[in-house]
Amino acid sequence: MLDMTVITDAEIALPAEPVALQHFIDGTWVDSADGAVSERVSPSHGVVVSRAAQGGETETEAAITAARAAFDDGRWSRIPGKERAAVLLKVADLIEQHTERLAVLETLESGKPINQSRGEVGGAADLWRYAASLARTVHGDSLNTLGDDMVAMVLKEPIGVVSIITPWNFPFWILSQKLPFALAAGCTCVVKPSEMTPSTTALLAELMVEAGMPAGVCNIVLGYGMPVGSLMTSHADVDMVSFTGSTAVGKKISQIASGTLKKIALELGGKNAQVVFPDADLDAAADAVAFGVHFNVGQCCNSSSRVIVHKDIADAFTTKVVELSRRVAYGNPLNPDTQVGAIVTPEHQAKIDGYVQEAIAEGADVRLGGAPLEVEGVGSQFYQPTVVTRLTSSMRIVQEEVFGPVLSVLTFKTLDEAIALTNDSVYGLSAGGWSNDVHTCLAFARRAEAGTVWTNTWMDGYPEVAFGGMKQSGQGREIGRYGFEEFLEVKSVVMRVGRTRAPWVNGS
Ligand code: NAD
């Protein structure tokens, strides 16, 4: 048995009954026309957590029609920002009141630790509050320098009907990075959560009704990418798709959306590196590397699945990370002391292990872990904290998104080499640099090809700070003012003051 920290007991009882979920279309909860349902079995406890209506084209069409009508008649898009903000603030309050119920379902469906779910749901309320502030403060430009008889305005308008498609790894958080911002802008929405984690998105409908959101403004269809997500992307009545998920599906979304040239915003995969320079605070860096790779069992777009360490400190630093990784509390997600929970599906667990075994076959050295993990009384859908060395940058484990608690260690000698290794990826989501020299931090930050660069920290995020990816990690930005602007169209209004222009047609 690997010498590591494993938690087996639980403090929260398993639900007696699965939660029953319906679509929410035009203010009404409905089952699928064909009666189809799908069940989600908890990755950690093997119980059926939810039984959800499984949508088809009928429900998707109905949801898009409702969102289109709600947008076009102005019941949300043309009311004062103050009124939209009031509803969003009420939703935020209700999310806080219902945090425990939402968090338990999030944990049971995703396998993540309960304290993490509580943090994500509670933190999501702040995203709704920040978005509410934008609903009241958004403005365009006025141009008063065009001549005595001319004035122009650049107006910001809601883009229209937005399809929102989300993944399973941070279901409520990612929904809240998109939906309140789209709503704050005045858009109406059709939302599809991952088929694996539908509960918290479906339950949000209850909170939105209680908060006074008009019918048709936010519609939720439960189901799979095909046909629901696909129709949400191809439909001519949808003006924009905001998608978070894998790069492979992101490329499909891009292709399908091109049929109507609708706007797309894509938040995709990552293969993020933390670079440790020899003058860094090595204890703090090692802790951040352990956090970066084990958080959410590595099932995280921001996972720092690569660490690039200066050669002089590589052995000592790797030993530190190995020792810290042993002490991370893996195990029962329903125990508040657990830091790392279960893997989302058995197939994904096998995929993670496949990367590790392939690396071993190619000559890599596994310094810790490297195998699935069984947690007594909880189940076998876990994976050991794993640290792999003796790698080259071209190996699949270093290039591809493993999406597990698997750290690849590479080494460098010069800043140029560190930057080259960091950027040796098709992805460009995030990167981190560790040094006590501000010049090194700044040089790294300016040259790293990533949408977010952290220096001397990892994965700190704020509603105010834009997030998104370069290269194959995505298009557009989320949260912050830049993220909000994605949901706005720009319209220029040019006005002549009085009939001062010489006629174009002679004599008119
Ligand atoms: P996924 O791409 O398999 O699924 C994401 C969503 O797309 C789901 O709701 C799914 O049902 C839907 N979908 C699947 N096929 C579709 C299609 N043809 N048309 C429309 N919708 C379709 O991703 P996942 O496995 O749920 O999530 C993990 C991935 O998400 C990882 O690659 C991760 O890096 C990425 N991710 C990125 C960010 C970010 O902000 N950049 C955040 C979280 C997750």
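Whatever order the structure lists ligands and atoms in, that order sets their numbers, starting from 1.
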Can you tell me the protein heavy atom closest to [atom] and the distance?
| atom | answer |
| --- | --- |
| atom 32 (O) of ligand 1 | Glu401 OE1, 2.8 Å |
| atom 20 (C) of ligand 1 | Gly229 C, 3.3 Å |
| atom 44 (C) of ligand 1 | Asn169 ND2, 3.2 Å |
| atom 27 (O) of ligand 1 | Pro167 CB, 3.3 Å |
| atom 22 (C) of ligand 1 | Gly225 CA, 3.4 Å |
| atom 33 (C) of ligand 1 | Phe403 CZ, 3.3 Å |

(Q) Are the side chains of Trp76 and Phe71 in contact, using a 4.5 Å heavy-atom criterion? (A) no

Q: Answer whether the closest heavy-atom distance between the side chains of Val297 and Val340 falls below 4.5 Å.
A: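 Result yes, sub-4.5 Å side-chain heavy-atom pair found.
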
Is it true that the side chains of [X] and [Y] contain a donor and an acceptor less than 3.5 Å apart?
| X | Y | value |
| --- | --- | --- |
| Ser242 | Lys178 | yes |
| Lys262 | Thr260 | yes |
| Glu206 | His98 | no |
| Glu106 | Thr200 | yes |

Q | Sub-6.0 Å ring centroid separation between Phe403 and Trp168 | A | yes

Q: Please determine if Glu358 and Arg396 form a salt bridge, counting it only when a charged side-chain N lies under 4.0 Å from a carboxylate O.
A: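 Salt bridge flag = yes for Arg396 with Glu358.
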
**Q.** From Glu464 atom CD to Tyr482 atom OH, the distance as rounded to the nearest 0.5 Å
**A.**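 Taking CD in Glu464 and OH in Tyr482, the distance rounds to 14.0 Å.
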
Q.
Using 0.5 Å steps for rounding, measure from the OG1 atom of Thr65 to the NE2 atom of His235.
A. 6.0 Å

Identity of the nearest option to [atom], non-hydrogen atoms only, from [options]:
| atom | options | answer |
| --- | --- | --- |
| atom 6 (C) of ligand 1 | Thr452, Leu429, Thr166, Leu266 | Thr166 |
| atom 12 (C) of ligand 1 | Leu268, Thr345, Ile165, Ile174 | Ile165 |
| atom 35 (C) of ligand 1 | Pro198, Gly245, Gly269 | Gly245 |

Test of understanding: given a 4.0 Å heavy-atom threshold, classify the contact between [X] and ligand 1 as side chain, backbone, both, or neither.
| X | result |
| --- | --- |
| Phe243 | side chain |
| Val249 | side chain |
| Gln299 | neither |

(Q) Any side-chain to backbone donor/acceptor pair from Tyr383 onto Leu373? Under 3.5 Å, distance only. (A)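 Absent.
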
Any atoms of ligand 1 less than 4.0 Å from a non-hydrogen atom of [X]? List them with their elements.
| X | answer |
| --- | --- |
| Glu195 | 10 (C), 11 (O) |
| Ser194 | 9 (O) |
| Cys301 | 34 (O), 36 (N), 37 (C), 38 (C), 39 (C), 40 (O), 41 (N), 42 (C), 43 (C), 44 (C) |
| Ile253 | 20 (C) |
| Phe467 | 40 (O) |
| Lys192 | 8 (C), 9 (O), 10 (C), 11 (O) |
| Ser230 | 19 (N), 20 (C) |
| Pro193 | 9 (O) |

Q) Parallel, tilted or perpendicular: which describes the rings of Tyr130 and Phe181, with under 30° parallel and over 60° perpendicular? A)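 Correct class here is tilted.
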
Q) Do any heavy atoms of Gly469 fall under 4.0 Å from ligand 1? A) no

Q. Looking at ligand 1, does Gly474 have a heavy atom less than 4.0 Å from it?
A. no

Q. How would you list all residue pairs meeting ring pair (Phe, Tyr, Trp, His ring centres under 6.0 Å) that involve residues 26-62, not counting sequence neighbours?
A. Phe24-Trp29

Q: Count the heavy atoms belonging to other residues, nucleotides or ligands that lie under 6.0 Å from CD of Glu362, then report whether that count exceeds 12.
A: yes

**Q.** Trp168 N/O to ligand 1 N/O under 3.5 Å
**A.**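 N/O-N/O distance under 3.5 Å: yes.
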
Q.
Are any of the N/O atoms on Ser246, whether in the backbone or the side chain, positioned under 3.5 angstrom from an N/O atom of ligand 1?
A.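 Ser246 vs ligand 1: N/O contact under 3.5 Å present.
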
**Q.** Protein contact for atom 4 (O) of ligand 1 (heavy atom, distance under 4.0 Å)
**A.**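 No; the ligand atom in question lacks any protein heavy-atom contact below 4.0 Å.
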
Q: Run through Leu334, Val104, Val49 and flag the one making a side chain to side chain contact (heavy atoms under 4.5 Å, CB included) with Leu14.
A: Leu334

